[in-house]
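A short worksheet on the structure shown next.
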Amino acid sequence: MPSLAEEICIGNLGSLQTLPDSFTWKLTAADSVLPPSSAVSFGAVEESIPVIDLSDSDVTTLIGNACKTWGAFQIANHGISQKLLDDIESLSKTLFDMPSERKLEAASSDKGVSGYGEPRISPFFEKKMWSEGFTIADASYRNHFISLWPHDHTKYCGIMEEYVDEMEKLASKLLSCILGSLGVTVEDIEWAHKLEKSGSKVGRGAIRLNHYPVCPEPERAMGLAAHTDSTILTILHQSNTGGLQVFREESGWVTVEPVPGVLVVNMGDLFHILSNGKIPSVVHRAKVNHTRSRISIAYLWGGPAGEVQIAPISKLIGPAEPSLYRSITWKEYLQIKYEVFDKALDAIRVVNPTN
Ligand SMILES: C=C1C[C@]23C[C@@]1(O)CC[C@H]2[C@@]12CCC[C@@](C)(C(=O)O1)[C@H]2[C@@H]3C(=O)O
Ligand SMILES: O=C(O)CCC(=O)C(=O)O
Ligand SMILES: [Fe+2]
């Protein structure tokens, strides 16, 4: 006879009346692998990451300060239409409202590549997360969309393409701004400049549609466990239910309340490397809700394809600030991340940095 844990499927968590033991987090060090001080509390403080208007004349300074303080910020006046945000949210709702069996037909064959399933970080945690998701990491998502929406796949693929295109443009704009706050430009990253000039993509984008169903005991459950994104940066659209929390040593867990039309930007590990440690990659997680389900859509702007080596920007290195990280390709970084998870940056850190 199968155990209770085996019968629970992420596709219909929302119908459960009690929290199964396999989903009950005790918040010990084992449940929250990073950072150690984040393991002790489920609560969050009354503080917030700044909302920055991208048309503000002081935008570079504002973004620079937010990046250094939080490794995250929110953006208004970003140029993404409300219609597109509504479309991608309703695409996600339609997908997650489907019966579990239909969703499982679109399951990813391997963790982290396109398809339906648990987040890629789940094997690093003892307990299961109260969420389901769909990752779009390559063109194979189209086949999944055909199986999910035999009649409407063209429409949904169109929305996804438009969303990716718009996010790509926004991510490049944000990159220029963040680099500007450090006193450098894209031209100071040789590979990024070359790719940009040749009209190629600077970073490889992936999308993760996240769904957090209503939960009978939200205080003891976890939607998405504490992690940093491996990316250069991530742009997140959250539906009107809160749940995202960012961690800051000085403040603890801080909830990022949703503001209609405002997007959240999280700085990832790759930018931490590029900035030679000047900008932290923000530790964040998603909590769940007793009465309301929640959707979020993350655009994960990763590193370049192929053998391109990513290393701290040379202009940010000097006798007083030696290079803290060895160079690495995006593919290699992801391999390390999914072997050692929260120790990935340590694994590529130069032991005795000198210049
Ligand atoms: C490009 C990627 C980043 C990601 C791993 C992946 O290969 C595809 C899924 C991405 C995602 C989305 C949800 C959070 C996250 C930590 C995860 O579990 O899968 C990120 C990964 C990441 O940033 O490392
Ligand atoms: O749902 C959220 O608010 C967080 C999602 C997230 O961190 C991710 O997809 O990487
Ligand atoms: Fe994330």
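All values below were derived from every heavy atom in this structure, side-chain atoms included, with hydrogens, water molecules and symmetry-related copies excluded. Just so you know, ligand 1 is whichever comes first in the structure, and atom 1 is the first atom listed for that ligand.
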Problem set entry | Within the 6.0 Å centroid threshold, strictly below: F341 and F124 | yes

Exercise. What protein heavy atom sits nearest atom 3 (O) of ligand 2, and how far away is it?
Worked result: R294 NH2, 2.7 Å

For this session: Identify, by atom number and element, the atoms of ligand 1 in contact range of W330, meaning under 4.0 Å from any of its heavy atoms.
Result: 1 (C)

Exercise. So is S296 polar-close to ligand 2, meaning N/O to N/O under 3.5 Å?
Worked result: yes

Exercise. Considering only heavy atoms, does I121 approach ligand 1 within less than 4.0 Å through its side chain, its backbone, both, or neither?
Worked result: both

For this session: For the pair D21 and K127, find out whether any cationic side-chain nitrogen is under 4.0 Å from an anionic carboxylate oxygen.
Result: yes

Problem set entry | Heavy-atom nearest option to atom 9 (O) of ligand 2, drawn from L236, L209, N210 | N210

Exercise. Are K83 and D87 within salt-bridge range, i.e. N to O under 4.0 Å?
Worked result: yes

Problem set entry | Ring-face cation contact, W70 with R248, 6.0 Å cut, 45° max | yes

Exercise. Should E332 and R326 count as an ion pair when the cut-off is N to O under 4.0 Å?
Worked result: yes

For this session: State, without any angle test, whether H284 and D229 hold a side-chain donor-acceptor pair at a distance under 3.5 Å.
Result: yes

Exercise. Counting both backbone and side chain atoms, is some N or O of S230 under 3.5 Å from an N or O of ligand 1?
Worked result: yes

For this session: Look only at interatomic distance and state if D229 has a nitrogen or oxygen under 3.5 Å from any nitrogen or oxygen of ligand 2.
Result: yes

Seminar exercise, completed: Out of R120, K331, R208, H284, the nearest non-hydrogen contact to atom 19 (O) of ligand 1 is supplied by R120

For this session: Inspect the contact between E307 and K331 and indicate whether a charged nitrogen and a carboxylate oxygen are less than 4.0 angstrom apart.
Result: no

For this session: Tell me, please: is Y333 in heavy-atom contact with ligand 1, that is, under 4.0 Å?
Result: no

For this session: Please name the atom of H227, restricted to N, O or S, that is closest to the Fe ion (ligand 3).
Result: NE2

Exercise. Using heavy atoms and a threshold below 4.0 Å, how should the contact between W301 and ligand 1 be classified: side chain, backbone, both, or neither?
Worked result: neither

Exercise. Does atom CZ of R204 have more than 12 heavy-atom neighbours, drawn from other residues, nucleotides or ligands, at distances under 6.0 Å?
Worked result: no

Seminar exercise, completed: Quick note on ligand 2: atoms under 4.0 Å from a heavy atom of L224 include exactly 5 (C), 6 (C), 7 (O), 8 (C)

For this session: Please say whether the positively charged group of R120, taken as NZ for Lys or CZ for Arg, lies over the ring of Y338, i.e. under 6.0 angstrom from the six-membered ring centre and within 45 degrees of the axis.
Result: yes

For this session: May I ask you to identify, for R285, whether its side chain, its backbone, both or neither come under 4.0 Å of ligand 2 on a heavy-atom basis?
Result: neither

For this session: Taking only heavy atoms of H284 into account, list the atoms of ligand 2 that are under 4.0 Å away from them.
Result: 7 (O)

Problem set entry | Residue portion contacting ligand 1 (non-hydrogen atoms closer than 4.0 Å) for Y338 | side chain

For this session: Show your reasoning for whether side-chain hydrogen bond (donor to acceptor under 3.5 Å, both in side chains) applies to D269 and S281.
Result: CA-CA 5 Å; D269 296 345; S281 48; 2.8 Å; yes

Problem set entry | For Y212, the ligand 2 atoms whose distance to one of its heavy atoms is below 4.0 Å | 1 (O), 2 (C), 4 (C), 5 (C)

For this session: Flag yes if more than 12 heavy atoms outside Q17 fall under 6.0 Å of its CD atom; otherwise flag no.
Result: no

Problem set entry | Which of the ligand 1 atoms, numbered from 1, are nearer than 4.0 Å to a heavy atom of D229 | 23 (O)

Seminar exercise, completed: The atom of D229 among N, O or S that is nearest the Fe ion (ligand 3) is OD1

